[in-house]
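All heavy atoms count here, side chains included; hydrogens, waters and symmetry mates do not.
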Amino acid sequence: MKRLFLTSLLLMLSFAATFSQKALLDRTAAALKNGGVEAAFTATASRSGQRLGATSGTIYVRQNRFKVVADGLTTWFDGKTQWTLLKGSNEVNVTTPTAAELQQINPYHFVSLYKKGYTATQRNVTFSGVSQPEVTLKAQDASAAIQTMVIVINKVTHLPLSVKVVMKKGTTTEIQLSRVRNNLKFGDALFRFNAADYPKITVNDLR
């Protein structure tokens, strides 16, 4: 089921409304670029109302790079290449993920998608007892792998609190974020698999 999270962040009402929504996401993108971000997360997947599975862990993000440490699974992504290590498998899989796959793993990946191919609407919702802005992005192309993204954003820090992703094939992934820390300093090595740290692991290159 954990592999599901690795394979498996409308017309515009008016120009002013659209500007407001995109401006909010611009601030979110800027906040994510100011150093690294660390957050705890819980992710659940469902299809047609049926829960498919769940996982939780910690994610480390710097711009388009990330590392996820979840239940029995570790994933590294250096901006191009992804390494996935399942506990007990004795092998790490190397792939070049698609944007859709990245969105299901990395709840911050939407910041590289929202400027093109999506229209936005915005409303306020109550999240953990506090009114926060929620932006819904809908794909302009009915064939796009990611059809809808719903992002709840902290109105003070501009960082995401939750991300819901609806895929063309019907799978919905919901990610809740907590204990978010930003402006951290992460080196490039954090986002790459280091074979020296896993001498008994077989590298399976699937690119």
Novice: Measure the shortest side-chain to side-chain distance between Trp76 and Lys67 over non-hydrogen atoms and say whether it is less than 4.5 angstrom.
Specialist: yes
Novice: Can Phe77 be reached from Val68 by stepping across I, L, V, M, F, W or Y side chains whose heavy atoms are under 4.5 Å apart?
Specialist: yes
Novice: Do Lys164 and Thr172 make a side-chain contact, defined as non-hydrogen atoms from C-beta onward lying under 4.5 Å apart?
Specialist: yes
Novice: Can you find a pair of side-chain heavy atoms, one from Thr55 and one from Phe41, that are under 4.5 Å apart?
Specialist: yes
Novice: Which heavy-atom pair separates Leu73 from Leu86 by the least distance, and what is that distance?
Specialist: CD1-CD2, 3.4 Å
Novice: Hey, could you give me the CD/CZ distance between Glu174 and Arg51, rounded to the nearest 0.5 Å?
Specialist: 10.0 Å
Novice: State, to 0.1 Å, how close Gly79 and Asn64 come at their nearest heavy-atom pair, and which atoms those are.
Specialist: CA-ND2, 3.5 Å
Novice: With side chains defined as the heavy atoms from C-beta onward, is the minimum distance between Phe193 and Val203 less than 4.5 Å?
Specialist: yes
Novice: Do Phe66 and Gln82 have side-chain heavy atoms sitting under 4.5 Å apart?
Specialist: yes
Novice: Taking atom CZ of Arg207 as the centre, report whether more than 12 heavy atoms of other residues, nucleotides or ligands fall under 6.0 Å from it.
Specialist: yes
Novice: If you define the side chain from C-beta out and look only at heavy atoms, does anything of Arg65 sit under 4.5 Å from Asp188?
Specialist: yes
Novice: Taking all heavy atoms of Lys155 and all of Pro133, pick out the closest pair and write down the distance.
Specialist: CB-CD, 3.8 Å
Novice: Spell out, as yes or no, whether a donor-acceptor pair under 3.5 Å connects the side chain of Asp78 to the backbone of Phe191.
Specialist: no
Novice: Is there a side-chain contact between Val135 and Leu24 in this structure, where contact means two heavy atoms from C-beta onward sitting under 4.5 Å apart?
Specialist: yes
Novice: Starting from the C-alpha separation in whole Å, work towards a yes-or-no answer on side chain to side chain contact (heavy atoms under 4.5 Å, CB included) for Val130 and Ser128.
Specialist: CA-CA 6 Å; Val130 179; Ser128 298; 5.6 Å; no
Novice: Answer yes if Val37 and Leu177 sit in the same cluster of Ile, Leu, Val, Met, Phe, Trp and Tyr residues linked by side chain heavy atoms under 4.5 Å apart, and no otherwise.
Specialist: yes
Novice: Below 4.0 angstrom, N of the basic side chain to O of the carboxylate: do Lys87 and Asp71 qualify?
Specialist: no
Novice: Shortest non-hydrogen contact from Ile153 to Leu161?
Specialist: C-CD1, 4.2 Å
Novice: To the nearest 0.5 Å, how far apart are CG in Leu52 and CD in Gln50?
Specialist: 6.0 Å
Novice: Please check if Leu137 and Val165 belong to a single hydrophobic cluster, counting links between Ile, Leu, Val, Met, Phe, Trp and Tyr side chain heavy atoms closer than 4.5 Å.
Specialist: yes
Novice: May I have the step-by-step check of side chain to side chain contact (heavy atoms under 4.5 Å, CB included) for Thr202 and Asn90, ending in yes or no?
Specialist: CA-CA 6 Å; Thr202 300; Asn90 294 320; 5.9 Å; no
Novice: Say whether Phe127 and Ile151 are linked into one hydrophobic cluster, either directly or through other cluster members, by side-chain heavy-atom distances under 4.5 angstrom.
Specialist: no
Novice: Are the side chain of Gln176 and the backbone N or O of Val163 linked by a donor-acceptor pair below 3.5 Å?
Specialist: no
Novice: Looking at Tyr60, is its backbone amide N or carbonyl O close enough to the side chain of Glu38 to form a donor-acceptor pair, meaning the two atoms are under 3.5 Å apart?
Specialist: no
Novice: Please report the interatomic distance CZ(Arg181) to CZ(Arg179), rounded to the nearest 0.5 Å.
Specialist: 10.5 Å
Novice: Is the shortest heavy-atom distance from the side chain of Ile146 to the side chain of Tyr118 under 4.5 Å?
Specialist: yes
Novice: Once rounded to the nearest 0.5 Å, what's the spacing between atom CG of Leu85 and atom CG of Asp197?
Specialist: 11.0 Å
Novice: Please round to the nearest 0.5 Å and tell me the distance separating atom CG of Asn182 and atom NE2 of His158.
Specialist: 11.0 Å
Novice: Shortest non-hydrogen contact from Arg47 to Thr171?
Specialist: NH2-OG1, 2.8 Å
Novice: If you measure from CD1 on Ile59 to CD1 on Ile175, what distance do you get to the nearest 0.5 Å?
Specialist: 7.5 Å
